[in-house]
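As structure tokens, the structure follows; a few thoughts come after it.
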Amino acid sequence: MNKKIIIGGVIAVVAIIVIAAVALGGGSSEHAPDELVACVAAHGEEPEFGFDPMHGWGYHDSGTEPLIQSTLLKRDANNSFVNDLATDYSASDDYKTYTVNIRDDVKFTDGSKLTAKDVAFSYNKAKELGEGADLSSMKEAKAKGNNEIVFTLDKSDSTFVNKLTDVGIVPEASYDNATYGQNPIGSGPYKLAQWDKGQQFILERNNQYYGKKPYFRKITNLFLDSDAAYAAVKNGDVDIAEIPVSYANETVKGYHLEYFDSIDVRGISLPTQKDTGKVIGPDKNPYGNNVTGDPAIREALSIGINREKLVDGALNGFGNVSYTGVANQLAWAYDAPYKDGQVDQAKAILDEAGWKDTNGDGIREKNGVKASIPVYYTSSAVERQALAVSLAEEASKLGIEIVPEGKSWDDIDPVRNQVGVVWGFGSADPNEIVHQYDSRVAGEGYDNPEVLNDSAVDAAIDTAMSQDTDSSYSTWSQASQIANTEYPFLWIGTVDYTYMVSDHLDISKSTHLIYPHGGDIWGNIYDWRYVNNTSTNATNTTNATNSTA
């Protein structure tokens with residue numbers, strides 16, 4: 001795709017540099033050729049509970065590189081499973097039992113041996129806390145000797161193999177729920193050397209690591225907002241920084257842009273039920289919307305908007321349109337069932353359903369209800385804001401009012417089943433379709449926020465869960481296709497991940513892993529290295545250890 005500059009506006013570079021100078025301590029120094037300074041948002045924002053996989057560290061939809069801990073399996077650049085701790089694994093014919101054998105030569109950084117007991121403990125604790133991987137189908141994990149773990153499930157689940165990538169392993173003997181995140185003990189390629197909350201974390205290479213040793217002895221990752229991260233690039237203070245797509249066409253001497261296609265898709269949930277005053281889920285949230293509860297509204301939006309225009313505008317061209325919510329890279333992807341940009345047909349659908357503009361204000365009404373939909377987005381997500389604002393312009397051509405509102409998740413949570421919400425999805429695990437459409441989990445956390453209730457979708461999901469992996473893909477595709485005939489989400493497109501990278505740094509694009517929702521910049525850290533060095537220093541970087549923000 002041609003990357004086009006659509007997003008306008010003046011970038012207040014001077015103000016941003018001031019912000020960065022405060023955040024970075026205002027000074028700079030050179031670092032050794034095996035040290036890396038980064039500012040990337042891998043695994044989301046700074047972890048509230050520290051670097052604890054039991055509280056979700058290292059997990060983002062399909063298992064990202066936790067750096068400090070090992071996992072049973074990893075994924076390679078082809079999105080295939082490869083062994084990490086595991087030496088082999090198998091599943092029973094009914095997909096209710098999984099058996100994993102692990103290496104015998106792994107030690108935690110405190111010198112203790114990693115055994116099957118640690119793996120079983122980690123999975124059972126992760127299920128108990130429920131803050132990371134979806135282990136809802138797992139009944140329990142049990143160690144059988146030092147090197148074998150048996151996972152027993154409550155129901156058939158052929159997707160459970162994906163969960164073997166999702167949980168970082170912690171030591172049972174020394175794990176403390178209250179303190180582990182600040183002083184993690186793991187067996188991964190790095191160990192935590194320092195965490196300055198609100199500023200940075202520093203990792204040092206684990207020289208006892210059993211796998212491929214990474215090139216970098218030390219990694220410092222700074223916690224900066226997107227504007228300050230870009231300013232840090234302009235100052236030459238970092239080797240790599242994740243930047244918003246609005247900056248992706250800027251040129252900075254000594255840096256180049258790297259961008260990666262992803263399976264991370266953006267879509268707006270459209271409540272499929274009418275508001276009858278009922279509540280749903282453990283939080284007893286009210287649900288339903290009297291505008292989007294009319295299928296004509298949902299269909300008109302889906303066929304009437306121009307997704308290519310939204311991607312080119314809101315995402316600066318760094319993305320690909322999506323009609324289905326399933327990225328093209330995934331085995332259960334399917335062709336778009338319709339074309340968009342059909343404004344006249346969308347208007348005809350609304351007219352036939354009784355939505356008409358009777359007072360000439362440009363907004364349709366029906367039975368005294370205006371075709372006005374609040375669409376919430378997290379105020380910290382620039383691309384979600386841009387999508388909501390651009391969507392409002394597209395919808396206005398149909399006589400539908402979209403009212404974008406930036407909110408915190410605390411504000412969104414109580415009304416997430418009543419309003420449109422800009423969501424991000426994107427997992428290499430087809431079980432994500434359960435979270436999007438299964439009526440049996442509607443209203444549980446962020447699952448099925450549109451409260452779709454379709455028994456045919458549920459039945460297809462059950463069939464897919466009991467099939468072998470290859471056979472299940474067409475069934476997962478079928479479940480998604482059935483769901484999307486009701487237009488429960490207004491799917492927009494996948495987003496690219498954009499980074500400014502020092503010309504001295506090679507992040508090995510050829511070995512990079514598939515980017516799920518949240519990204520996985522560290523996924524191939526083993527292959528990163530400096531190139532074209534003419535001195536003992538790779539690039540000027542800030543003295544991040546002494547930062548004061």
| Is there a side chain to side chain contact (heavy atoms under 4.5 Å, CB included) between Y98 and V150 once you walk through the steps? | CA-CA 6 Å; Y98 286 75; V150 178; over 6 Å; no
Nearest 0.5 angstrom please: [X] [atom1] to [Y] [atom2], how far?
X    : Y    : atom1 : atom2 : value
S80  : L73  : OG    : CG    : 11.5 Å
N221 : C39  : CG    : SG    : 6.5 Å
Q436 : I461 : CD    : CD1   : 9.5 Å
I202 : K191 : CD1   : NZ    : 14.0 Å
S508 : N524 : OG    : CG    : 5.5 Å
D104 : L114 : CG    : CG    : 10.5 Å

Quick check: closest heavy atoms across [X] and [Y], and the distance to 0.1 Å?
X    : Y    : result
D438 : N448 : O-ND2, 3.1 Å
Q194 : L192 : O-CD1, 3.4 Å
I102 : A116 : CD1-N, 3.7 Å

| task | Could you check Y215 against Y526 for ring-ring contact (aromatic ring centres under 6.0 Å, His included), going step by step and ending with a plain yes or no? | result | CA-CA 6 Å; Y215 169 90; Y526 314 90; over 10 Å; no
Got [X] and [Y] here, is their nearest side-chain heavy-atom distance under 4.5 Å?
X    : Y    : answer
L203 : L67  : yes
V37  : Q200 : no
I263 : L330 : yes
Y377 : P404 : yes

Decide whether [X] and [Y] meet the rule of one side-chain donor and one side-chain acceptor closer than 3.5 Å.
X    : Y    : value
D52  : Y175 : yes
S472 : T469 : no
D94  : S92  : yes
N206 : T109 : no
D88  : N101 : yes
T463 : T475 : no
D110 : S112 : yes
Y497 : D264 : yes
N162 : R75  : yes
Y210 : D84  : yes
S269 : W423 : yes
Y515 : Q329 : no
H55  : N177 : yes
S439 : D458 : yes
H435 : D134 : yes
T159 : D157 : yes

| said: Applying ring-ring contact (aromatic ring centres under 6.0 Å, His included) to W409 and Y446, what does each step give before you reach the verdict? | reply: CA-CA 11 Å; W409 279 115; Y446 296 148; 5.2 Å; yes
| task | Just do the salt bridge (Lys or Arg N to Asp or Glu O under 4.0 Å) check on K113 and D118 with the steps written out, would you? | result | CA-CA 9 Å; K113 185 173 182 178; D118 300 302; over 6 Å; no
| task | Give the intermediate values and the outcome of salt bridge (Lys or Arg N to Asp or Glu O under 4.0 Å) for residues K212 and D527. | result | CA-CA 9 Å; K212 181 179 179 180; D527 301 320; 2.5 Å; yes
| message | As a test of understanding, state which of D462, D447, D454 forms a salt bridge (Lys or Arg N to Asp or Glu O under 4.0 Å) with R440. | response | D462
| Test salt bridge (Lys or Arg N to Asp or Glu O under 4.0 Å) applied to D34 and R217, R529, K213, the passing residue | R217
| Could you walk me through whether I521 and W528 pass the side chain to side chain contact (heavy atoms under 4.5 Å, CB included) check? | CA-CA 11 Å; I521 186 66; W528 290 23; 3.7 Å; yes
Aromatic contact, [X] with [Y] (centres under 6.0 Å):
X    : Y    : answer
Y499 : Y259 : no
W57  : F51  : yes
Y190 : Y209 : no
F160 : F151 : yes
Y530 : F216 : yes

| said: Using salt bridge (Lys or Arg N to Asp or Glu O under 4.0 Å), reason through E140 and K127 one step at a time and then give a plain yes or no. | reply: CA-CA 9 Å; E140 63 179 348; K127 177 180 174 63; over 6 Å; no
| field | Intermediate values then yes/no, side chain to side chain donor-acceptor pair (under 3.5 Å), N83 and Y89 | value | CA-CA 9 Å; N83 290 333; Y89 62 93; over 6 Å; no
| message | Walk me through whether M138 and K163 qualify under side chain to side chain contact (heavy atoms under 4.5 Å, CB included). | response | CA-CA 10 Å; M138 188 186 88; K163 282 64 175 180; over 6 Å; no
Say whether, by atom type as modelled, one donor and one acceptor occur between the side chain of [X] and the main chain of [Y] under 3.5 angstrom.
X    : Y    : answer
D225 : A228 : yes
T498 : I243 : yes
N285 : D413 : yes
T71  : K74  : no

| request: Take E46 and K197 through the salt bridge (Lys or Arg N to Asp or Glu O under 4.0 Å) test and state the conclusion after the steps. | output: CA-CA 8 Å; E46 182 175 18; K197 293 185 179 180; over 6 Å; no
| request: Could you please spell out the steps behind the side chain to side chain donor-acceptor pair (under 3.5 Å) verdict for T97 and T152? | output: CA-CA 5 Å; T97 305; T152 304; 5.1 Å; no
